[in-house]
Each structure stands twice: as C-alpha cells, then as structure tokens.
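All heavy atoms count here, side chains included; hydrogens, waters and symmetry mates do not. A note on names: the letters A, B, ... follow the listed sequences, proteins ahead of strands, and every chain is numbered from 1.
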Amino acid sequence: MEKYQFDVAIVGAGGTGLRAAIAVAQADPKLRVALISKVYPMRSHTVAAEGGAAGVVRDDDSYQKHFEDTVAGGDWLCEQDVVEKFVRQAPEELYQLEHWGCPWSRKPNGDVNVRRFGGMKVPRTWFAADKSGFHMLHTLYQTSVQFPSIQRFDEHFVLDLLEEDGECKGVVCYDLQNGAFRQINAKAVFLATGGAGRCYLFNTNGGIVTGDGMALAYRHGVPLRDMEFVQYHPTGLLGCGLLMTEGCRGEGGVLYNKDGYRYLQDYGLGPETPVGQPKNKYMELGPRDRLSQAFWNESKKGRTIKYPLGEAVHLDLTHLGEKYLHERLPLICELAMTYSGVDPVKAPVPVRPVVHYTMGGIETDGNTATRMPGLYAGGECASVGIHGANRLGSNSLVETIVFGKIGGDAMAERAHSLKDFDSPELARQAEAAQKRALDLFDVKGTESMSKIRHEMGQSMEEGVGIYREEESMKKTIETLKTLQNRIKNVGLTDRGRVFNTEWMNLIELGYTLDVAQCMVHSAINRKESRGSHQRLDGPDGAYKQRDDVNFLKHSLAFKQEGADEPRIELSPVKITTFQPAKRVYGAEAEAAEAAKKAKEAK
Amino acid sequence: MEATQKTMKVTVLRYRPEQDKEPWEQTFDVPYHKDTSVLEALFYIKDNFEPSLSFRWSCRMAVCGSCGMMVNGVPHLACKTFLRDYEGKDMKIEPLANFPIERDLVVDLSDLIEKIERIKPYIIPDAKNANMPLNKNFKQTPMQMEAYLQFAQCINCGCCYAACPQYKLNPKFIGPAALTLLYRYNVDNRDAGAKLRAPFLNSEEGAWSCTFVGYCSEVCPKHVDPSSAIQLGKKMSATDYVFNMIKPEH
Amino acid sequence: MSEVKSFRKPYNPPVKKMTWWLENPFYIFYMVREGTAVLALFAVLEILFGIFMLALCELTPNQSLTGVAPYVWYLQNFLGNPVIIALNVIILVSQLFHAVTWFALMPKAVRVFMNKNSTELLPEWVTKAALYLGLVGATVVILAVAYLTK
Amino acid sequence: MRQFLPTRSDEPMYWLMFGAGGMVASMVLPAIMVVLIAAGLTSGDLQNGFLNLGQVYGIFSNWFLSLCVFGVIFLLSFYALHRMHHSSHDFGIHSKLTWYIAYGSAAAISFISLGLQLLMYVKFF
C-alpha cells in the first residue's frame, strides 16, 4: 500500500475542511496538509446552503444579542463559553471571506448587507443572494489553490482512522479513480465530513451526506453528542424535499394553510405581522423547530393542503414582486420552477418540513479537539456545542469557517510539537481496513442495498420525526437492528475497482446505519421535550415538557464493544451567564423582555 | 404503479475498464411521471436493474455540478433534465463528451480542474489592500459586483467543455469555464492580479483558441454565458496587446 | 501517482477531426456561419477583378469604346453573366445571414451599464437595434449614392 | 514550483482586423452586392447603367472614395481569410502553412488593390 507522511490530514473538503486547510497553510507553510474528500471540493454539500451566515456588524446589534439568540434558540443546551467565542469570531471570519472574494450582497454604498433570519433578533445574516453556501465554498476552494502545502486527495474515500496508543495517527483511504488504497500518517486528523441527513428518507441533503466522519469517530470510541436533535427545515419543496431557504421568509415570505390563514399565530409566534413587514422572531421568523412542529399540528387538524405528492402548506412570495425576487432569491425561483413547476413570482410554493441538519455530532471541546488526542472535528459532523437542541438558520455556515479556522490553528500547534512517525502497527491497521473493504466483494448474499436504505429512511421518519413516542422509537430500534444484520448479506454484483459506486455506497450505508442508531437511542433516552426533540408521551404526558432537572444535559452515544447498539450517557452542559428560561417568541418574548427590564430597573 | 405512468426506453453507455475493451450500450425500460429527472431515471436503473452502473451525483438541485452528462448528444445536468421533455422519443445517456471515460458515466475531469486552478482563481490584492484588517470590507457597490457576478455562478460541471469543439480539437485550450473564472477575477474591483493572469489569457491556448461557436453558453445549466466572458476577455487581451506594442514592458 | 498498481484504463473516444460538426445541428449552423466568409472572399475577388480590368483601360475622359474594352467586358460579360448574377444573389443572401449571426453575437462582447448608479446592463436589444440601424443606414446611403451618381 | 508561462499570441492584431472586417461584411457588403447585381442587370446600358464608366471614373479619381474601396477590400479580405484559416482548424488541419496562405493571400489582395488604385489615380491626372 502506498504510504504518505503528512502533518495534518483533513477529511472532507467542504467549508470547514477547506477553511481548516487554509488555516494550517497560513499558520506555517512548511506544514504538509492532506485534504481528503470523496468528491471534488466544490461538490461538497456546503454548496447547497442558501440563506446566509450570521455575524454581528450592525450598530444596533451586539455579540450579547447573538449569543442570547443562539443559546435560547438551542433551548439552553449550548456550551455557553463556546457560543461566546463563536459569536466574537464570526464577523472576523466573514470579513476574511469577503477579502478572499466572496460576493456578499451589498448595500448601495458598497458595504456588506445583512438580512433577517429566523430566531435572530436583529438582521445579521450575511448573504450572497440565495447562494451563500455556493459562493462561500467556491471562494474557499479557489483561495485554497494558492497554497502549495495543501495536497488534495480528491475522490478518495476514507475507510478507517489509524490509532495507536489511544492517539489518532492517520487515515486509510481508497482512491476511487485509481482503485488503490493509501495510508496517510498524520500528526493531526480533522474530520469535516458534514452531516447525516441521509439517515432519513426525505431530506434536503445531497447523496454524499452519509455521516461518514461521525461513524468513523464513533467506531473508535469517540462519543457522538446530542444525536437526537435532528432539524426539520420547515420549508422543503414538496416531493423532492429541496430546500426553500429561510431567506424566503426573511425577505418577507409568508406561510398559509388551506384556508389561506397564517396558522403560525396559533402556535405562540403571533400576533400576526402584516404581509410584507417581517418582524424578527415573530411569525414566519420564528425558529425552525417551532415552525416544523406547527406544520405537524396543522396536519393533525386537517388544515394542510393535499397534493398528489403529499401534504403541504403554501409559501407565498408573490407580494415581493418579480424584480426583488430575482435579485434576492434567484435560486429559489429557479428551483421552484424546475422542480415544482411553480413560479414564485406568480403563485405560492407548496412546502413541507423536511430533514435538514444534524445538530449533534462528534463530541469536541471549544477548540475542535475530541477526547482522542490527535483527532479533531468541525462543521456539521461535530458537536462543538453551539447549536444545542435547535440550530438557528445561518449559524451553521459561520460555524464552518469559525471552527475550521480554530481547528486549523489547533492542529498546526499540535503538528509543531510532534515528530514524523511510522510504525508497523499503523501499517497493520491499514492492511486490515483494506482487507475488510475487499472482503465485501466475497459476500454471497441476496440482500438489496437500496431496500435497506429505504427501510432505514422510512423507519427513521416514523420513529424519530418531528414528534416522537416511545412505542414508535422502539420499533425503529428493532428495525435498525435487523438492518445491521441484513447489511452483512448484501452481495455486490461487480468486482471492478475503478469508481465502483456500488461498493462505496455499501460502506457508506454502514456508516449511516451506525449514525441512525445513535440518533434513535439518544432520542429514546431523552425523556423530555427540548428544541427539535419533541415527545408526546410519558406518564400524563410528562415528556411533553422540558425537564431541566434531569435533562439539561448532553447525550453521549458510545460504541459498545461486542454489542450492535450504542450505550447512552449524559454529560453536563456549560452554563456561564445565561440561565435557562422559558423559550418564547413573538409577543410573549416581548412581554418577557419588558418584565426582565422592569425587574432590572428596580 | 399508477395507471398513468409511462415508460421510456433509456439507453446508457456502459464501460467497465477492467472488463471492456470499449464502451457498449445497455437499454432499460424506465417508468416515469412528469417530475422524473434523468438522475432519478438512473437511480431507478441502479436500484432495480444494474447496481453496478456508476455515475456521479450529489445535491439533486443543480448546484454541486456532479452530474453533467450527455443526454441525446447534448450536455446536461442529469438532475435538471426531465424525461417529460423527451416524450415520444428514446433517450440515450452518455458520459460527458471530450473527456476520457473512466467508467460508465464517470469521466476524468482532472484536466478541467487543473485548468481552473492554473489561472490563479483568487483575489490578488494590491499592496495597499494586502493587509486590510478583519473588521472592514472592501467597498464594492452593487454595480461593481454586477460586473463579475454572473461569471461567478459557474458550478464546474464541465458541460461547456463537452460542448466546445475547439477543446475537442485541441485539448490544450484552457476552455470556457476556466477563462470565465479568469475574467471574473480580473473585473472584480478587489483584485489587482490581472497582470499575473494575463499570460494565460493572452496565449494561443487562452482566449485566442476560441472561435465563438457559442455552444458553451447554449448548454450552460447556470446561464453563466462563458462565450461572453471569453469575448470580453479577448477585448481585454487585445487592449493589452496594443498597449504593449506602444510601450513594451521589457 | 506512483509505482503502485492502478486499475485505471480510461477510454478516449476517437475524435472525428473532419466531420465532428455533422453530429449536432448547432455545429452545422456554426460551420455555415463560418462558410459565409468564403463567399465574402469571392465578392472581394470580384471587386478586385473589376479594379484590375478598369486599370487596364485608357483612363482619359471621352474614351473610345476600344480604350475601355476590358472594363466593358467585365461589366457585360462577367457581371452581366446570368451565372454570376445568380451567384451574387447567393452571396447577398449569405452576407445577410452573416449579418444576422454577427449581430446576434455582438451583444455578448458588449457589457455596459445603463448609467453610473445602475446595476442594470444595457439590454441586448439596444445593441442589436443599433447594429441593424447601421446596416439599414449604410445600405440606404450606398444605394442612394450609387443611384444618384450614375 | 516554477510555472512555464505561455507566450503571448499575435492573434489580437488579426482579431481586430477580423472584427472590423466582419462589421463591413455585415453592414456594407449587402449593399455592395446589390450594386454589383444591379450593374450586371443594367450592363447593356453603358451610359446610365449602374457602375457605368462615368461612375467608376468618379469613384477612382476621388481619393476619398478610392480609399474607401481600398478599406473595404483590405478589411474584407483579412476578415474572410482569417475565418477560413480558423475553419481549417475546424477541419482538423493544424499547420502553420494555412497561416501563411491565409494572411499572405489577404496581404497580396490588399497590395494588388492598392497598387492598381494608385496606378489609376496617377493615370487620371
């Protein structure tokens, strides 16, 4: 097997991975960086992010406000010291991207413009029309090509981490194009592989979002934190689930049920704000979990609109006018036209909640280090602790660059403190990973991979959807257990080594199944409702409430040796200045704030 | 299956490098409805008939640029092309033209990637702005942004290279997407690197290999209009040429 | 990348260097567009031939017919030849076709903003209209002068 | 890592002439063709037909008009042969020879025209 020696190996070349690679290269051009990705960098799913990235720039805004919005939005399950660091570093990183060429939308005077976003008190979302992720990713990719110390391994699929004496010392990957295995020794390994939305059937995610990094860390004993928190985005295009950005509502789009009624006012988000005058944290600009839950309740009341492809509500943008829509939301117009046959200029778009984001991920500290020395993680695949139980829109794009940078700096430091190394043990592990992968060719089973994938997705929607109950979660747990056995009997039809996607998909599905198990086990263990995790059961419906006494804690999912299911533990949440309170939006929030001010005045 | 569902004969070009001497065709009957994309047709084939069929895909929403391929001889994104538009016809899906075929519908894009990276696709600020503090942005009015924004929409799918006869005839040609990106950075008011990019633009394999066929702009799924960027690049290069004649640099 | 075995065997489809353009209507259109240049060259040669024949003549006022025989031959036996007339009609049509394609592409090489504070580009139709106006104007002037001075 | 920079192409010079010539071909040439056709049709009348002797004398004895004719010939020949040179590439012929033939011919056509026109101009006076 070919062997390489690097200082830093980064797995995943999306927003976080690219930012980390640049950070290392800038910290010290002598450090050799391996940037490994199973696709070309610009295919990474960062590309599909639409709305924007939050960073405090306006005079009427402050770090404190961004901090409070984020922590309250996360239902107090955030690491507050990390959030604090995050909001302070966000503007700097956003300006950095601007200097690198990102076409952030502008005000007439030439300064960067910001837009409103759900759950944010003040407009603070930097945006590049509705292609923010696309522009960020391409800017980062194009910027990265000027650093000769970054060696890319495009279309290389990571099979395993290399571990010795409890430290992470590299990865073994497969070159899809050449059909060769490669061992990459590195002093620091950074996982930036994105989320795991593909656990679910209906999601906004690309086909590559299969939770690879999460499963890699999990299999090496690093816990996955808060995996039960899966965000449903309230406005996915009916049928295909493609994302209609929150920016639609930030720009003034409104949601109607079948009676043409703005139903959100019935769910603690009112009173109704006039059409065309969006107000932060009111109505359509409430947080995502609340909006998705409102849809579910409307559906139960029979007030959604029935289409051949399923139930939907209407996202109405028509009052914004053609010129404004084409300037601010060009991609939305294109997507709705192409995939739904609806022109948002003329007619409302049918939308429904769809799985979008995994708040949880690989447990890390505020510097992206996991509990395994040498292993770091950032971006959606990590849980650095800023999203808590519900992520606010436009916090994740900033997360990629802020923690990409922090991780890059941390790894550069570690690389400086270590010498190059190699050992027969690492080679042995690499060979073993190669053998495990190649052994899949010899399985003579009749199971269908696509059936397993479909059943997993279906079962996850039923068990750990917008609302959850013990009963259905148990069913999902059983289903996943049998799928774990069935996947061992998938026979491959083709032994080809070059671009064998059938083989790669099988390994990916293995990763996804592991992550799905962590999600449902974490969920069934959390006997309360918080953020995106809403339960309907418990004695006298006790789990319908937030339970700060028992569950103001992170869930940790550990791999159990010998068992095919994870073990769940709880860990404390870091609270610094912002004590848990009722999470309120709309008029209720304003009343609460007034009361607080009055109290302070006394 | 619904009674209204129709089927289409879809022929896919197959090539397995370890078994086949050259590509061959395989035909499938694919059921479809009004929203079925070519990509979904390929999913159907992979799930139900041929798990070994390989193709690149990811986002399903025409922004990641993975699924460029030839549909009835024309470069398209599979996820943005629909069977309904080929009703009454057969469909033939082939890998992107003008690139070596790696396997089935997967081509070797390394030449495209190398060219994109060759032309220095990043902001090269002038000395005055090189160390701008990170609490300040460059001034860029909406109009200054408009000058390049359209050309920054490229998703690197490779459709324009598959459409370009000049690239077919002379693979040294830097080609539509990379030249568009070059122009995009040259006209960005934050950038001062035009001089460093000029050798690529001015060369025979740069803008001057283009004969303005215009097919790249026709097939571009993001309406980037590369042929326009190249003509504007030619104007830029010609100006540079004339100035260089009047006042040579060395 | 190195001596390690690669399983690659990329297939390079053969390029039909002469006939690639027959595979796609767009390419055929392109080749026809380029082909109009051949006819334009023929028109140039025709004019040059006329100049040559004229230069052979005695160029003093009130010449006898024998002194200007070469040009008269050019006028009557060449330009007057029905084959040449037909050919010239074809050239005329081809150049009008060229004009249409040329004007259609020209806006792509023009990227001007409406005014200093606008993000709106000069619409394509304005550029095109200006070009067609140029064609009509030049045609009217040339034909008028040719008619009036004969 | 030292990158070998490609050399500057001389194409801009020809491209500028091509551009101007293409403009002439699209705007002026149709009218010229109409005149040539008309001249063919009226060639029986040597006194009043199009391009009769008096008229062509008038053109070529006027330095400005003569120069215009030369300009048209010069630009059109470069335009047409430039395009044909590139078309030879489109037919898979990549040889420096076509370059010499194309631009050599265009230059020859222009020089011949210029020479003949000067000759006539001298003859008139």
Checklist entry - Which of residues 32-43 of chain D have a heavy atom under 4.5 Å from any heavy atom of chain C? => result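 Within residues 32-43 of chain D, the residues that come under 4.5 Å of chain C (heavy atoms only) are D:I32, D:M33, D:V34, D:V35, D:L36, D:I37, D:A39, D:G40, D:L41, D:S43.
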Checklist entry - Mind checking which of residues 67-74 of chain D sit less than 4.5 Å from chain C, heavy atom to heavy atom? => result D:V69, D:I73
A side-chain contact here means heavy atoms from C-beta on lying under 4.5 Å apart; do [X] and [Y] qualify?
X      : Y      : answer
C:Q76  : D:L46  : yes
C:F52  : D:I112 : no
C:F103 : D:M27  : yes
C:Y30  : D:D90  : yes
D:V56  : C:Y71  : yes

Quick one: of [options], who has the most non-hydrogen atom pairs under 4.5 Å with chain C?
options                      : value
D:H86, D:H89, D:Q47, D:K123  : D:K123
D:M23, D:M84, D:Q117, D:Q55  : D:Q55
D:S105, D:G115, D:G92, D:G22 : D:G22

Side chain, backbone, both or neither: which part of [X] has a heavy atom under 4.5 Å from chain D?
X      : answer
C:V89  : both
C:L133 : neither
C:L45  : side chain

For the candidates [options], which exhibits the highest count of non-hydrogen atom pairs separated by less than 4.5 Å from chain D?
options                    : value
C:L48, C:V141, C:V140      : C:L48
C:R33, C:K16, C:M106       : C:R33
C:Q95, C:E34, C:E46, C:M18 : C:E34
C:V44, C:V38, C:I51        : C:I51

Checklist entry - For D:F78, is it the side chain, the backbone, both, or neither that has a heavy atom closer than 4.5 Å to a heavy atom of chain C? => result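 Interface part for D:F78: neither.
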Checklist entry - Using non-hydrogen atoms only, which part of D:L81 is less than 4.5 Å away from chain C: side chain, backbone, both, or neither? => result side chain
Checklist outcome for this item: Heavy atoms of C:L54 and D:Y57 approach each other most closely as CD1-CE1, 4.4 Å
Item to check | Shortest non-hydrogen contact between D:R83 and C:A37, atoms and distance | outcome: CB-CB, 3.6 Å
Next on the checklist: Classify the ring geometry of C:W21 against D:F91: parallel below 30°, tilted from 30° to 60°, perpendicular beyond 60°.
Outcome noted: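 Judged by the thresholds at 30° and 60°, the geometry between C:W21 and D:F91 is perpendicular.
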Next on the checklist: Check the orientation of D:F18 and C:W102. Use parallel for under 30°, tilted for 30 to 60°, and perpendicular for over 60°.
Outcome noted: perpendicular
